[in-house]
There are 2 protein chains.
Amino acid sequence: MGISLKDVAARAGVSVKTVSNVVNGYRHVTPATRQRVQQVIDELGYRPNLTARHLRKGRTGIIALALPELGNPYFAELADAVISYAAGLDYIVLLDHTNGRRDQEVLFAQGFRARLIDGLILSPIELENEDLLARGNDAPLVLLGEREYEAPHDHIAIDNVAAARTATRHLLDLGRRRVAFLGARHGRVRRVAHLRLRGWRAAIAESPGAADGDELVAATDGYTRGDGAQAMARLLDSGAAPDAVFCYNDLIAVGAMRTLTERGVRVPEDVAVVGFDDIDDGRYCSTSLTTIAPHKQAIAQAAVDALLARLDGGDEAAQAEPRHIRPGFALIRRESTLGRPLESG
Amino acid sequence: MGISLKDVAARAGVSVKTVSNVVNGYRHVTPATRQRVQQVIDELGYRPNLTARHLRKGRTGIIALALPELGNPYFAELADAVISYAAGLDYIVLLDHTNGRRDQEVLFAQGFRARLIDGLILSPIELENEDLLARGNDAPLVLLGEREYEAPHDHIAIDNVAAARTATRHLLDLGRRRVAFLGARHGRVRRVAHLRLRGWRAAIAESPGAADGDELVAATDGYTRGDGAQAMARLLDSGAAPDAVFCYNDLIAVGAMRTLTERGVRVPEDVAVVGFDDIDDGRYCSTSLTTIAPHKQAIAQAAVDALLARLDGGDEAAQAEPRHIRPGFALIRRESTLGRPLESG
DNA sequence: ATGAAAGCGCTAACAT
DNA sequence: ATGTTAGCGCTTTCAT
């Protein structure tokens, strides 16, 4: 195959150990030896075989990041942050798509890619609690996102209920009374969107004059702009007549705004809109989007740190109780909710 | 460490070979043996150590994809396509950021990650031809994107000149006469944006009445929405008074549209806009964006196929002449260039 | 400061 | 159909 340590050693007239020492920057090597070896390395174009090194060391320096898909800018931006942060810590990232499918998620949750990766960061959508319990305890696993589990794994997520409540309250504070929720999922109580829906309900409940009927909750099949556009159209057609919409995510919000504009409904005058995720997209819409901004940088760092703590922290760290880390979030006000709040509620 | 083949073999009372046969689905194993071994595997929760397998086989089934960054939706969508397509062929993707920095790109171009990856797909920005020539011929390398090199590597890119010419001509066909180009890079002749600029020039040159002054070419520092917004502002302030803008990419176009809208310039009535990349974003802008759509799926597939051909195709394939593959593109007309073309030119 | 040799877990050639 | 064994390329005791 390629050039190995042995080849270099033979050519330089030293043992493999010495070459290994040079390659790894071991201190106690005579400058003369080092130079000679280095010269042969350059001559031969030797590159250490990482696979062999990994096998020997029992570690690869690779972590896997399993996300639904990169087509969603939120996940792309998050992956960007994870890759960059991990690179700074000398870890590389293997990126996998689950497509939000349970079978795929199960595959990763259970030790798929065993001993190829040192650990896994997984953002599940359909994964069930039982799937996690069935896991052979392999590499450490860090969970990401809104789904909640009772399993012994670290979990990184902002407080989704609080964030949704903040978003909804912002709309109510503007004097809106018919605040719709876009992006629920039918009959999936513990699933994604559940916590955000709960936050929405909580804010509505606190606000005496606010409408709280189920006709204000619109389900979507997925989380894309197209789903948002369709759901908004259905909501409008149903006669629900909202004066504000809180959307499960920014993509749905952008789609909803598109439908509103097409139908001559003004944003924010007639209907105010709030999204969730703070994707770059929302900042440059012609009506820029008010949104909940989860601190992606913090999420990415917390996820990687949690993983590495279990990897590098020794036995106590590896055995420590699972932690639930809640990075912060912020409400970013933009044009889609412009307007002064009413004096009285 | 974990459970190895040997452990399973001992427990099942067979040799490692037999266990290996079972694990790899080798046909000639008595059902009884197979079942017994499988049972022990399940009991012990055995998982093959992929690193060891890779070392032994000299192949890892991993390809690296090195992109500037995932924050740009074009790259995110492209990565999405690469990952999905590679997964279907049982390859996994290691995703690396170059941040468009030459030193990073050089690192990957030269056999970084040697023998950890079977091959590399690289989308360079600053990489120079000499960097490629200095490459120790390690794993196969496939180049992606507008930069052109004279180096023995496959290159996948749409015909950027033709695409830019198509885009610009579309604007001219609308009767526009002062078509600006947004997204050039100062004094970087062979760099990104060069080919698209050339396509712009070609279209203008073909169109007798069209303005072709340098004041219509606006440089940007990067390729983000913010860069586009700023460049558009500068162009407007400079008094160049364009009636159309062809942008290096969709992000710049979205930023430009934002500036135009803010300044009360109507799109497309006063200024028509065309982008490049066909990111999802552009489809749902309140004024949806006309754009050049490179066939991302085709690009991703061509890149992976080219790599795998060299990997799996035997010696002839590995030594074959470098190929320059040009997937197709399409002009997608949307609202940002709406309006009937003028009768006479 | 350097060398010799064991062994990480697997596959494949060879043997039975 | 199954067992034995060498060896992928590296790091790491243990010697010297």
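Each chain gets a letter, A, B and so on, in the order its sequence line appears, and its residues count up from 1.
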Novice: Rounded to the Å, how far apart are B/Asn21 CG and C/dC10 P?
Specialist: 14 Å

Novice: Quick one: ring pair (Phe, Tyr, Trp, His ring centres under 6.0 Å) partners of A/Tyr74, sequence neighbours excluded?
Specialist: none

Novice: Using five base pairs at each end, measure the axis-to-axis angle across the helix from C/dA1-D/dT16 to C/dT16-D/dA1 and round it to 10 degrees.
Specialist: 30°

Novice: Any non-hydrogen side-chain atom of B/His97 less than 4.5 Å from a side-chain atom of B/Leu67?
Specialist: no

Novice: Figure out the OH/P separation between B/Tyr26 and D/dA1, and round it to whole Å.
Specialist: 7 Å

Novice: Strictly distance-based, threshold 3.5 Å: is any side-chain N or O of A/Asn24 a donor or acceptor partner for the main-chain N or O of A/Ser20?
Specialist: yes

Novice: Do B/Thr51 and B/Leu55 touch side chain to side chain, with heavy atoms closer than 4.5 Å?
Specialist: no

Novice: Applying ring-ring contact (aromatic ring centres under 6.0 Å, His included), which residue pairs with at least one partner in residues 7-62 of chain B are found, sequence neighbours left out?
Specialist: B/Tyr26-B/His28

Novice: Taking only residues at least two apart or on different chains, which pairs with a member in residues 299-310 of chain A satisfy side chain to side chain donor-acceptor pair (under 3.5 Å)?
Specialist: A/Tyr85-A/Asp305, A/Asp154-A/Arg310

Novice: Compare side-chain N and O positions of A/Ser4 against OP1 and OP2 of D/dC8 and report whether any pair is under 4.0 Å apart.
Specialist: no

Novice: Do B/Gln319 and B/Asp315 have side-chain atoms, one donor and one acceptor, less than 3.5 Å apart?
Specialist: no

Novice: Report the distance from atom CZ of B/Arg53 to atom P of C/dC8, rounded to the nearest whole Å.
Specialist: 18 Å

Novice: Could you check how far NZ of B/Lys57 sits from P of C/dC10, rounded to whole Å?
Specialist: 13 Å

Novice: In whole Å, I'd like the distance from the CD atom of B/Gln35 to the C1' atom of D/dA1.
Specialist: 17 Å

Novice: Taking the basic N atoms (NZ, or NE/NH1/NH2) and the acidic carboxylate oxygens, is any pair closer than 4.0 Å for A/Arg326 and A/Glu146?
Specialist: no

Novice: Looking at the side chain of B/Pro48, which of D/dG9, C/dC10, C/dT2 is the nearest nucleotide?
Specialist: C/dC10

Novice: Please give, in whole Å, the distance from C/dC10 P to B/Arg115 CZ?
Specialist: 22 Å

Novice: What is the distance from CG of A/Asn49 to P of D/dC8, rounded to the nearest Å?
Specialist: 11 Å

Novice: Rounded to the nearest angstrom, tell me the gap between atom CG in A/Leu5 and atom P in D/dT11.
Specialist: 6 Å

Novice: If the cut-off is 4.0 Å, is B/Thr30 near the phosphate of D/dT2, judged by side-chain N/O to OP1 or OP2?
Specialist: yes

Novice: Can you run down the salt bridge (Lys or Arg N to Asp or Glu O under 4.0 Å) pairs that involve residues 75-84 of chain B, sequence neighbours left out, and say none if there aren't any?
Specialist: B/Glu77-B/Lys296

Novice: Kindly say if B/Asn24 contacts the phosphate of C/dT11, meaning a side-chain N or O under 4.0 Å from OP1 or OP2.
Specialist: yes

Novice: Establish, with yes or no, whether the OP1 or OP2 oxygen of C/dA1 is under 4.0 angstrom from a side-chain nitrogen or oxygen of A/Thr33.
Specialist: no

Novice: When you compare the protein's N or O atoms with those of nucleotides 3-6 of chain D, which come within less than 3.5 Å of each other, and at what distance?
Specialist:
unit_1	atom_1	unit_2	atom_2	d
D/dG3	OP2	B/Ser15	N	2.7
D/dG3	OP2	B/Ser15	OG	2.9
D/dG3	OP2	B/Thr18	OG1	2.4

